[in-house]
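Counting starts at 1 for both ligands and their atoms, in listed order.
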Amino acid sequence: MHGLGNDYVYVNCLEQKIEHPNELSKFISHRHFGIGSDGLVLICPSDRADFQMRMFNADGSEGNMCGNAIRCVGKYVYDHQLTQKTQLDIDTKSGIKHLDLTIENKKAVFASVDMGKADFNSKHIPVKTPYPEFISQPMLVHGEVYLITCVSMGNPHGVIFCNDVDHIALEEIGPLFENHEKFPDRINTEFVQVIDKKTLKMRVWERGSGETFACGTGACASVAAAVINGYCNADEEVTVHLKGGDLKITYQKDQTVIMKGPATHVFDGVIEVDV
Ligand SMILES: N[C@H](CCC[C@H](N)C(=O)O)C(=O)O
């Protein structure tokens, strides 16, 4: 399944356990020697929510939260009749998230997700700085000064506003930010062009997966950063244009972020691997 082209292989782990998910993700994500995906998502039982989601990037690293994947988890459990509920709580490494599914022809096609609060506290991101927050701060990367706003959506993000997002050399500078010594846990980096007060255009270099067609937590981080930097308004829905399509994001005055977007099935299969 995918969320706007941010594709993962989803494994139903309600009755089976994957022993080496990090290794499995590296293997199946490979576009030529595996299935080809941005990573792996496990749908597991939970004793504190309806289900648990664990997500792994293409490099095998485990992420704390994935916005596009959680919409697809909701789709999976509804479409496979593992639940009849259209309001679901999904446990993640960054806490329990609440989903509202939209059903069409007995299939979940869209979800609104309470993504929790955007967190600008430097220690929680984390970003190495003496400042309590890292908002529109300069970083010298590859000979150029970038103003970056760091925010956590349960996973770390660095948001950089620019004039022409289409011509950013993402392959070149994405890894330099991802692996910069300022970010002890690495970082997802979003380059954002402000179209108007209710419209952003975003590209992303994801920690552990590289450039993806969309990033749900990244879109949330971008709108939160846009509000903090005065480009957008709190409590107003912002359309975020991504390579794979649009997400609708609202950053509320209490810093809670609501994300709305599609979830799309591609194919079902059986994976037999010796990992
Ligand atoms: N690469 C991210 C996880 C996936 C996030 C993204 N695909 C989303 O939709 O939020 C990380 O390591 O924090």
- Message: Does only the side chain of Asn188 get under 4.0 Å from ligand 1, or the backbone, or both, or neither? Count heavy atoms.
- Response: side chain
- Query: ring pair (Phe, Tyr, Trp, His ring centres under 6.0 Å): which pairs involve residues 124-167, sequence neighbours left out?
  - Reply: Tyr146-Phe177, Phe161-Tyr231
- Message: Ignoring hydrogens and geometry beyond distance, is a side-chain donor-acceptor pair present between Thr149 and Asn229 at under 3.5 Å?
- Response: yes
- Answer with side chain, backbone, both or neither: which part of Asn155 has a heavy atom less than 4.0 angstrom from an atom of ligand 1? side chain
Identify each donor-acceptor pair in which a side-chain atom of residues 60-69 lies under 3.5 Å from a protein atom, sequence neighbours left out, and give them as a table.
residue : atom : partner : partner atom : Å
Ser61   : OG   : Asn57   : ND2          : 3.0
Ser61   : OG   : Asp59   : OD1          : 2.6
Ser61   : OG   : Arg186  : NH2          : 3.2
Glu62   : OE1  : Arg54   : NH2          : 2.8
Glu62   : OE2  : Arg54   : NE           : 2.8
Glu62   : OE2  : Arg54   : NH2          : 3.4
Asn64   : ND2  : Gly154  : O            : 3.1
Asn68   : OD1  : Arg71   : NH1          : 3.0
Asn68   : OD1  : Arg71   : NH2          : 2.8
Asn68   : ND2  : Asn6    : OD1          : 3.0
Asn68   : ND2  : Ala214  : O            : 3.4

- Could you tell me the residue and atom name of the protein heavy atom closest to atom 5 (C) of ligand 1, and the distance to it rounded to 0.1 Å? Glu206 OE1, 3.5 Å
- Task: Using a strict cut-off of 4.0 Å, indicate which atoms of ligand 1 neighbour a heavy atom of Met55.
- Result: 3 (C), 4 (C)
- Message: Strictly below 4.0 Å, N to O, side chains only: are Arg31 and Asp38 in salt-bridge contact?
- Response: yes
- Message: At less than 4.0 angstrom from any non-hydrogen atom of Cys215, what atoms of ligand 1 do you find?
- Response: 6 (C), 8 (C), 9 (O), 10 (O)
- Does ligand 1 have any atom sitting under 4.0 Å from a heavy atom of Glu62? no
- How close does the nearest protein non-hydrogen atom get to atom 9 (O) of ligand 1, and which residue and atom is it? Gly216 N, 2.8 Å
- Query: Taking non-hydrogen atoms only, is Thr217 closer than 4.0 angstrom to ligand 1 via side chain, backbone, both or neither?
  - Reply: both
- Which part of Phe213 is near ligand 1, with near meaning a heavy atom under 4.0 Å away: side chain, backbone, both or neither? neither
- Does a side-chain heavy-atom distance below 4.5 Å link Ile228 with Tyr251? yes
- Query: Any Lys/Arg nitrogen of Lys201 or Asp166 sitting under 4.0 Å from an Asp/Glu carboxylate oxygen of the other?
  - Reply: yes
